[in-house]
Amino acid sequence: MAARIEHLVTSGTFSLDGGTWDVDNNVWLVGDDHEVVVIDAAHNADAIAEAVGDRRLVAIVCTHAHNDHIDAAPALAERTGAPIWLHPDDLPLWKQTHPDRLPDHWLADGQVIEAAGADLTVLHTPGHAPGAVCLYDPGLGTVFTGDTLFAGGPGATGRSYSHFPTIIDSIRDRLLALPPDTVVRTGHGDSTTIGAEAPHLEEWINRGH
């Protein structure tokens with residue numbers, strides 16, 4: 001049975017640099033009837049566990065460590081026994097939310113996370129956060145971009161640990177190099193494609209300066 005992609009939206013708050021905002025987050029599940037990977041355990045461990053059901057949760061993968069993407073990860077790990085994966089460059093952000101619980105494993109650029117026939121290749125794409133990653137599966141024709149690339153442009157870089165020129169380099173070099181029909185599944189909001197976003201790179205650069 002081929003891997004399939006399931007989508008859940010959870011709601012909560014995002015806090016950084018003394019501000020707090022209400023947010024809706026995309027939680028992505030990639031797997032089949034037997035095993036599954038969760039990408040970004042946001043806000044609601046109960047809802048995510050319900051979506052996993054009786055399947056084996058192979059991994060909880062964090063695209064980055066802003067609190068709205070990781071707040072439910074330890075609770076979900078505790079319920080399911082699944083390990084939490086994060087890029088080590090985001091450890092300072094992780095510790096702001098979970099000072100007493102480290103991730104179980106460190107993500108590395110080029111690593112492949114496998115579940116149910118899906119092969120999710122880790123692309124280190126810093127900018128929105130130092131340890132931000134995207135997960136690309138050519139077989140599924142999709143890339144999970146977290147908050148690095150959205151429908152309409154790059155993720156925000158106005159807060160601590162973020163950097164606009166770095167996110168532009170990440171998008172240009174790592175994401176826009178993917179096939180144009182690759183579906184971009186984001187951390188918030190609607191999906192898009194690489195081909196739909198690629199022509200706008202110069203606009204984003206000009207807008208960002």
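We count residues from 1, following the sequence as given.
Residue pairs meeting the side chain to side chain donor-acceptor pair (under 3.5 Å) criterion with at least one partner in residues 143-164, sequence neighbours excluded, are Asp17-Ser160, His64-Asp147, His69-Asp147, Thr125-Thr148, His128-Asp147, Asp147-His188, His163-Thr166.
Rounded to the nearest 0.5 angstrom, Leu76 CG and Asp71 CG are separated by 11.5 Å. Considering CG of Asp22 and CG of Asp68, their distance stands at 11.0 Å, rounded to 0.5 Å. The line from NE2 of His34 to CG of Asp54 is 10.0 Å long, rounded to the nearest 0.5 Å.
Nearest approach of Ala77 to Ala82, heavy atoms of both residues: CB-O, 3.3 Å. Here the closest non-hydrogen pair linking Thr142 and Tyr136 is O-CD1, 3.3 Å. Residues Pro88 and Pro92 share a closest heavy-atom pair of O-CD, 4.5 Å. A pairwise comparison of heavy atoms in Ile70 and Pro74 identifies O-CD, 3.6 Å as the closest pair. Between Ala72 and Ala45, the shortest heavy-atom distance links the atoms CB-N, 3.7 Å. The shortest heavy-atom contact between Leu176 and Ala198 is CD2-CA, 3.9 Å.
With Asp40 contributing its side chain and Ala42 its backbone, the two residues share no donor-acceptor pair below 3.5 Å. In terms of modelled atom types and a separation under 3.5 Å, the side chain of His87 and the main chain of Asp89 share a donor-acceptor contact. Trp94 contributes a side-chain N or O that, together with a main-chain N or O of Arg101, makes up a donor-acceptor pair within less than 3.5 Å. Checking side-chain atoms of Arg172 against main-chain N and O of Asp169 turns up no donor-acceptor pair under 3.5 Å. Side chain of Glu35 to backbone of Arg56: no donor-acceptor contact under 3.5 angstrom is found. Of the possible donor and acceptor atoms, none in the side chain of Asp119 sits under 3.5 Å from a partner among the backbone N and O of Glu114.
Considering Glu202, Glu197, Glu203 in turn, Glu203 is the only one that fulfils the side chain to side chain donor-acceptor pair (under 3.5 Å) rule with His200. Exactly one residue among Val23, Thr13, Val9 makes a side chain to side chain contact (heavy atoms under 4.5 Å, CB included) with His43. That residue is Val23.
Taking a 4.5 Å side-chain heavy-atom cut-off between Ile, Leu, Val, Met, Phe, Trp and Tyr, the cluster of Leu120 extends to Ile5, Trp28, Val30, Val37, Ile39, Val58, Val61, Trp85, Leu107, Ile113, Val122, Val133, Leu135, Leu140, Phe144.
Annotation: side chain of Arg4 is not in contact with side chain of Leu29 (no heavy-atom distance under 4.5 Å). Side-chain contact between Asn26 and Arg185: absent, with no pair of heavy atoms (C-beta onward) separated by less than 4.5 Å. Looking at heavy atoms from C-beta onward, Leu57 lies in side-chain contact with Val36 at the 4.5 angstrom threshold. With contacts defined as side-chain heavy-atom distances shorter than 4.5 Å, the pair Leu201/Ile205 qualifies. The closest side-chain heavy-atom distance from Asp90 to Cys62 is not below 4.5 Å. The shortest distance between side-chain heavy atoms of Leu149 and Thr186 does not fall below 4.5 Å. At a threshold of 4.5 Å between non-hydrogen side-chain atoms, the residues Asn67 and Leu16 do not count as touching.
Glu78 CD: 12 or fewer foreign heavy atoms inside a 6.0 Å radius. More than 12 heavy atoms of other shown residues, nucleotides or ligands fall within 6.0 angstrom of atom CG in Asp173.
A donor-acceptor pair shorter than 3.5 Å can be found between the side chains of Asp24 and Ser11.
A salt bridge links Arg79 and Asp46; the closest N-O separation between the charged side-chain nitrogens and carboxylate oxygens is under 4.0 Å.
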- Go through the steps for Asn25 and His66 under the test side-chain contact (heavy atoms from CB on, under 4.5 Å), then give the verdict. CA-CA 12 Å; Asn25 283 62; His66 285 152; over 6 Å; no

- Task: Carefully, step by step, assess Phe14 and Thr20 under the rule side-chain contact (heavy atoms from CB on, under 4.5 Å).
- Result: CA-CA 6 Å; Phe14 165 56; Thr20 297; over 6 Å; no

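The cluster map of Ile, Leu, Val, Met, Phe, Trp and Tyr, joined by side-chain heavy atoms under 4.5 Å apart, puts Val112 and Trp106 in different clusters. The hydrophobic clustering, which links ILVMFWY residues whose side-chain heavy atoms are closer than 4.5 Å, places Val183 and Leu123 apart. No path of Ile, Leu, Val, Met, Phe, Trp and Tyr side chains, each step under 4.5 Å between heavy atoms, connects Phe150 with Trp204, placing them in separate hydrophobic clusters.
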